[in-house]
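For reference, the structure is listed below as structure tokens.
As a basis for the values below, the full set of heavy atoms in this structure was taken, side chains included, without hydrogen atoms, waters or symmetry mates. Below, chain A is the first sequence line, B the second, and so on; all start at residue 1.
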2 protein chains.
Amino acid sequence: MGNLALEPLDRPDGMTTHEYAHRRLRQAIMVGSIRPGESLTIRGIAEAMESSPTPVREALRRLSSEGALRVLDNRRIMVPRMTADRFSELVSLRSVLEQHAARRAVPHITERRIDRLAEIDKAQDEAISRKDNATALLLNQEFHRTLYTANPEQVIMPMVESIWLQLGPFLGIAMEHVAQLYFVDRHQEAIEALRKRDEDAVAAAIKADISEGIGGFERAAIENLLRLAGQ
Amino acid sequence: MGNLALEPLDRPDGMTTHEYAHRRLRQAIMVGSIRPGESLTIRGIAEAMESSPTPVREALRRLSSEGALRVLDNRRIMVPRMTADRFSELVSLRSVLEQHAARRAVPHITERRIDRLAEIDKAQDEAISRKDNATALLLNQEFHRTLYTANPEQVIMPMVESIWLQLGPFLGIAMEHVAQLYFVDRHQEAIEALRKRDEDAVAAAIKADISEGIGGFERAAIENLLRLAGQ
DNA sequence: ATTTTCGAAATGTGATCACAAAAATGCTTA
DNA sequence: TAAGCATTTTTGTGATCACATTTCGAAAAT
């Protein structure tokens, strides 16, 4: 039904349609432009991106495996609704997972990569100071991703991305209803710990970054926010 | 191509073909009957289970999101090969993830469920004593799953299942080349800790269960095993 | 004997169609 | 006005087909 708010995305040559559909839907879910609870139709998406059901279905299956979508008993597909319990579960898992990812990255980190982290952090600070929440959020993700992908063996990253994707829609709602997002910056602390190759300190910085950042949402605040958004 | 070793699986009424294909392939990968490195073809699978490419493709996309399959640049699909590094990464992540899952389950555990855990553990002991490795492995999974699913909020379990799935093919190889699998039983310890609702003790039991169990594979042993299997 | 080349077969991909189930709509009835 | 019912539309699903790319195998050339 509703005309999806699917911003056209850059599509490199040779990218298959189902991969493109996956990327585009993923992006839309991540920034919260598909509202939780809203149900998606295969034909609707196919029409919106001028393709056909087959590749769209593949994209939807992948996204449901990634936790971004939920398949109901009626086979209807929707973005899962957030609850205070689910939020708490997601945040605590994110903390544990990312601390571990950070620890496993430390032995592989290079000075060059640490420099890149510093640059990303600087760009994020600038985005924050000009109140560009969306960009700041993206740069925050890039900071974390750049750290964890120092580890050449990538089994954790897809799981971290899955958590981000599941938290995304709620953050989208939060950004709509909260005047100014509160950004924490434990990144500098993490960078200093990385220079010393101090695993414990890096993990501690990541833990603080998450618990003081997204983990800072009080239970009552979450329920209030969801009520405001009509969820 | 190779005739897939796809054992027919029970198919409940109303189960869609793509879900059935997913289950069947998943099972085959989990027990290692599809060899790592062997490449799968969509048409081959479709023919083997007497269906058509469309639902098989959906199943394959899900499995690749779950880490069970890897899509190569040539778009060929295969079960990823194990390496000593990947194994270490998987096991350490499994430990962290399952300790956390166990902790989050404790507040929701009931005496009835603890009783069920005791029953599963007993059945596993029996399977071990009659050297039925395959059943023992399955019951071990069921023990862990029964514990973690006490938590009604299920965001961790799919990730744990993903880890198991990625470890599965290697365990299959191990079972072929090792005369007798060494099973640890820290389950009794976990059960006692659960009766006391002692989170730390439960987590410690799970950690020990994993590090002494699958984590007991020495690096050299893994490489040796892989060489034996022609990997 | 090894490498190269060229045609045939196999394969991934995406669009289309038919079918059955589910949802929506409009009408009738209490 | 509200509830029940039948019809129509929408939707998920799975099979089939056409097309482009890749892979494979045999023959030819070095």
Starting at [atom1] of [X] and ending at [atom2] of [N], how long is that distance when rounded to a whole Å?
| X | N | atom1 | atom2 | value |
| --- | --- | --- | --- | --- |
| B:Asp73 | C:dT13 | CG | C1' | 17 Å |
| B:Glu38 | C:dT11 | CD | P | 13 Å |
| B:Tyr20 | D:dG14 | OH | C1' | 16 Å |
| B:Ile42 | D:dT16 | CD1 | C1' | 15 Å |
| B:Ile77 | C:dT13 | CD1 | P | 7 Å |
| A:Glu19 | C:dG12 | CD | C1' | 13 Å |
| A:Asp13 | D:dA20 | CG | P | 16 Å |
| A:Glu47 | C:dG14 | CD | C1' | 17 Å |

Original post:
Among all residues two or more places apart in sequence or in another chain, which pass the side-chain contact (heavy atoms from CB on, under 4.5 Å) test with A:Ala68?
Top reply: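 Listed in chain order: A:Ile29, A:Leu63, A:Leu165.
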Original post:
Do any of residues 50-72 of chain A sit with a heavy atom less than 4.0 Å from DNA chain C, and if so which?
Top reply: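 Output list: A:Ser51, A:Ser52, A:Pro53, A:Thr54, A:Pro55.
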For the pair [X] and [Y], find out whether any cationic side-chain nitrogen is under 4.0 Å from an anionic carboxylate oxygen.
| X | Y | answer |
| --- | --- | --- |
| B:Glu19 | B:Arg62 | no |
| A:Arg103 | A:Glu98 | no |
| A:Arg61 | B:Glu58 | yes |
| B:Asp10 | B:Arg23 | no |
| B:Glu161 | B:Arg145 | yes |

Original post:
Any idea how A:Phe217 and A:Phe87 line up, ring-wise: parallel (<30°), tilted (30 to 60°), or perpendicular (>60°)?
Top reply: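 Perpendicular.
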For nucleotides 19-25 of chain C, give me every protein contact, N/O to N/O, under 3.5 Å, one pair per line with atom names.
from	atom 1	to	atom 2	distance (Å)
C:dA23	OP1	A:Asn74	ND2	3.2

Original post:
Does a nitrogen or oxygen in the side chain of A:Thr17 sit under 4.0 Å from OP1 or OP2 of C:dT13?
Top reply: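 A:Thr17 to C:dT13 OP1/OP2: no side-chain N or O under 4.0 Å.
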Original post:
Distance only, no hydrogens: is a donor on one side chain within 3.5 Å (strictly under) of an acceptor on the other, for B:Thr17 and B:Arg11?
Top reply: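 B:Thr17 vs B:Arg11: donor-acceptor pair found between side chains.
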Original post:
Using rotation axes that map the C1' atoms of four end pairs onto the next four (five pairs an end), what angle separates the end axes of the helix from C:dA1-D:dT30 to C:dA30-D:dT1, to 10°?
Top reply: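 Between the axes fitted at each end of the helix from C:dA1-D:dT30 to C:dA30-D:dT1 lies an angle of 10°.
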Subject >> ring-ring contact (aromatic ring centres under 6.0 Å, His included): pairs with one or both residues in residues 97-116 of chain A, sequence neighbours excluded >> reply: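 Residue pairs with at least one partner in residues 97-116 of chain A: there are none.
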Subject >> Qualifying ring-ring contact (aromatic ring centres under 6.0 Å, His included) pairs, either residue in residues 57-82 of chain A, two or more places apart >> reply: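 Qualifying pairs: none.
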Original post:
Between B:His22 and B:Gln27, does a side chain to side chain donor-acceptor pair (under 3.5 Å) hold up when you go through it step by step?
Top reply: CA-CA 8 Å; B:His22 177 260; B:Gln27 170 68 12; over 6 Å; no
